[in-house]
Amino acid sequence: MKKYEEWNANHKHDNPPREKIVKLGRKITDVAGHIFGGVKVEDPEYWGLAEIVSDEMADIALAMKKRTPYTFKEMCDLCKVSKDQEEHFQKTLDEMSYLGLLEYDYGYHYDHHGRTAPQSERRYILPMFVPGSAELFNMEELPDRSNPRLEDHPDVAAFFERMTYIPLAGITQMVPPGGAGVGMHVIPVEKAISMENEAIDIEKLSYWLEKYEGKIGVGRCSCRASRKAIDDGCADDDFGWCIGVGDFADYCRETGKGHDITKEEALAILKRAEDNGFVHQITNIDGENKIFVKVNFVKFVML
């Protein structure tokens, strides 16, 4: 903990601070004190974004509402982009998506039973920090399995840790079982569910894999990768653990954060995770009809 509190980030002492980054950090953060009191250069929302986000990117993100989808045309209207500027604007949106400052989907045409319509127009989204951009900054998957962004910018690793810890500091003990919509939701091992009298569909990993079959991918584990980058944590294999589904699987493949896998390959990953004693978790921020990633966390044993 002390290591992260004292992390000497490259932009922790900027003078003067980049005002657009200050505003963007405040816009995205879930830290109550920073929402109401503002973000300072020593805060991770500032130095984490300042490490890899340009002022041009900040301008675009500041024009957006958080967690609200926009088509390209809507983005052009929002940012007052003229016809002759559209090519450059598209490249900037692509770069923001590659970094992870933006996510995108293709209309999210799914219901309880699976896909309801073909993919439609891409929609850009400014996500929260966690789950969202603070972890996506740590995910890059080159063919040789390297992660150059994290190697070149270890500050984003510390940024991710800070944005998982600070928003919930002091209140974690009040979060009820299941997560109450906060971040992630633990999913039981399915062979354990089979011993119970009943379980709702959304508590079964097989339900999610069947729902999104044909749109399943896997990527680098941002938690393991970030800790490994700063010589912390378990530092086991960070490659090929976190499963993305639906439009998010497309986003990860298209932005260099993952690759497609079959349902059978996903099941093999889940089996390997259970054999290692890992805990399954899914995203828990979009209601019961949607998840976008399932992660396999290391099992911790208290002695």
Side-chain angles (χ1 to χ4, degrees), residues 18-21 23-29 45 48-111 114-142 149 156 212 214-217 219 222 244-260 283 285-287 289-293:
R18 292 164 57 194
E19 288 302 322
K20 293 176 181 179
I21 299 298
K23 291 178 181 178
L24 184 57
R26 186 176 186 179
K27 181 185 186 77
I28 300 175
T29 191
E45 295 97 327
L49 290 173
E51 180 67 16
I52 59 174
V53 175
S54 69
D55 281 1
E56 181 184 16
M57 294 177 183
D59 277 333
I60 295 171
L62 284 168
M64 304 171 71
K65 293 181 180 179
K66 191 165 69 170
R67 304 196 68 236
T68 300
Y70 299 88
T71 65
F72 180 72
K73 182 181 185 306
E74 289 170 336
M75 288 294 297
C76 288
D77 293 341
L78 190 69
C79 297
K80 298 178 173 55
V81 175
S82 62
K83 194 70 176 176
D84 63 315
Q85 297 172 320
E86 286 186 0
E87 183 177 355
H88 172 76
F89 188 61
Q90 180 65 74
K91 289 180 179 178
T92 305
L93 293 178
D94 290 344
E95 186 177 357
M96 294 169 73
S97 301
Y98 188 84
L99 288 177
L101 182 60
L102 295 184
E103 296 176 9
Y104 57 73
D105 67 17
Y106 289 97
Y108 191 74
H109 302 297
Y110 292 89
D111 66 10
R115 182 175 285 283
T116 58
Q119 288 182 331
S120 52
E121 188 174 359
R122 181 184 291 181
R123 306 185 304 174
Y124 296 93
I125 301 158
L126 178 67
M128 56 203 296
F129 281 137
V130 179
S133 57
E135 55 188 318
L136 293 172
F137 287 173
N138 290 266
M139 296 173 65
E140 189 172 27
E141 182 181 287
L142 269 60
R149 184 188 310 125
V156 302
Y212 293 111
K215 288 293 181 181
I216 304 173
S222 54
V245 293
D247 290 355
F248 188 72
D250 291 316
Y251 166 79
C252 286
R253 181 186 67 254
E254 293 166 2
T255 60
K257 298 177 182 65
H259 58 277
D260 292 340
T283 51
I285 58 175
D286 292 301
N289 189 46
K290 179 182 179 182
I291 67 170
F292 55 86
V293 68

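Side chains included, hydrogens not; waters and symmetry mates left out as well; all remaining heavy atoms used. Just so you know, residue 1 is the first one in the sequence shown, and it goes up from there.
- Using a 4.5 Å cut-off on side-chain heavy atoms (C-beta onward), Val245 and Tyr110 make no contact.
- By the 4.5 Å heavy-atom criterion applied to side chains, Thr68 and Ile125 are not counted as neighbours.
- Distance check: Leu49 CG to Lys23 NZ gives 14.5 Å after rounding to the nearest 0.5 Å.
- In Lys65, the NZ atom is not crowded: 12 or fewer heavy atoms of neighbouring residues, nucleotides or ligands sit closer than 6.0 Å.
- A donor-acceptor pair is defined here as one N or O able to donate and one able to accept, closer than 3.5 Å; no such pair exists between the side chain of Lys20 and the backbone of Asp59.
- Considering only heavy atoms from C-beta on, Glu121 stays 4.5 Å or farther from Glu74 through its side chain.
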Go through Lys257 and Phe248 one step at a time and tell me if the side chain to side chain contact (heavy atoms under 4.5 Å, CB included) criterion holds.
CA-CA 10 Å; Lys257 298 177 182 65; Phe248 188 72; over 6 Å; no
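- Note that CE of Met139 and OG1 of Thr255 are 8.0 Å apart. Values are rounded to the nearest 0.5 Å.
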Before you tell me yes or no, could you show the steps for Met64 and Met75 under side chain to side chain contact (heavy atoms under 4.5 Å, CB included), namely the whole-Å CA-CA distance, both residues' side-chain angles and the distance that decides it to 0.1 Å?
CA-CA 8 Å; Met64 304 171 71; Met75 288 294 297; 3.6 Å; yes
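- Nearest heavy atom pair, residue Ala61 against residue Leu24, reads CB-CD1, 3.6 Å.
- In this structure, His109 and Ser120 approach most closely via the heavy-atom pair NE2-OG, 2.8 Å.
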Side chain to side chain contact (heavy atoms under 4.5 Å, CB included) between Phe129 and Thr29: does it pass, once the steps are laid out?
CA-CA 7 Å; Phe129 281 137; Thr29 191; 4.1 Å; yes
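- Smallest separation of non-hydrogen atoms from Val53 and Phe137: CG2-CZ, 4.2 Å.
- Rounding to the nearest 0.5 Å places CD1 of Ile60 at 10.0 Å from CG of Leu78.
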Please walk me through it: do Arg18 and Asp55 pass side chain to side chain contact (heavy atoms under 4.5 Å, CB included)?
CA-CA 8 Å; Arg18 292 164 57 194; Asp55 281 1; 2.9 Å; yes
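- Using cut-offs of 30° and 60° on the angle between ring planes, the pair Tyr104 and Tyr124 is perpendicular.
- In this structure, CD on Glu103 lies 8.5 Å from CZ on Arg67, to the nearest 0.5 angstrom.
- In terms of heavy-atom proximity, Ser133 sits nearest to Pro127 at N-CG, 3.9 Å.
- Distance CD/Glu86 to CZ/Phe72: 4.5 Å, rounded to 0.5 Å.
- Between Asp250 and Arg122 there is no salt bridge, since none of the side-chain N atoms of the basic residue sits less than 4.0 Å from a carboxylate O of the acidic one.
- One finds the CD atom of Gln119 at 9.0 Å from the CG atom of Asp105 (value rounded to the nearest 0.5 Å).
- Of the possible polar contacts, one joining the Asp111 side chain to the Gly114 backbone as a donor-acceptor pair under 3.5 Å is found.
- Between the side chain of Glu135 and the backbone N or O of Gly132, at least one donor-acceptor pair lies under 3.5 Å.
- Looking at every heavy atom in both residues, Ala249 comes nearest to Gly217 through CB-N, 3.7 Å.
- Ion pairing of Asp247 with Lys215 is absent here, as no side-chain N (NZ or NE/NH1/NH2) approaches a carboxylate O to less than 4.0 Å.
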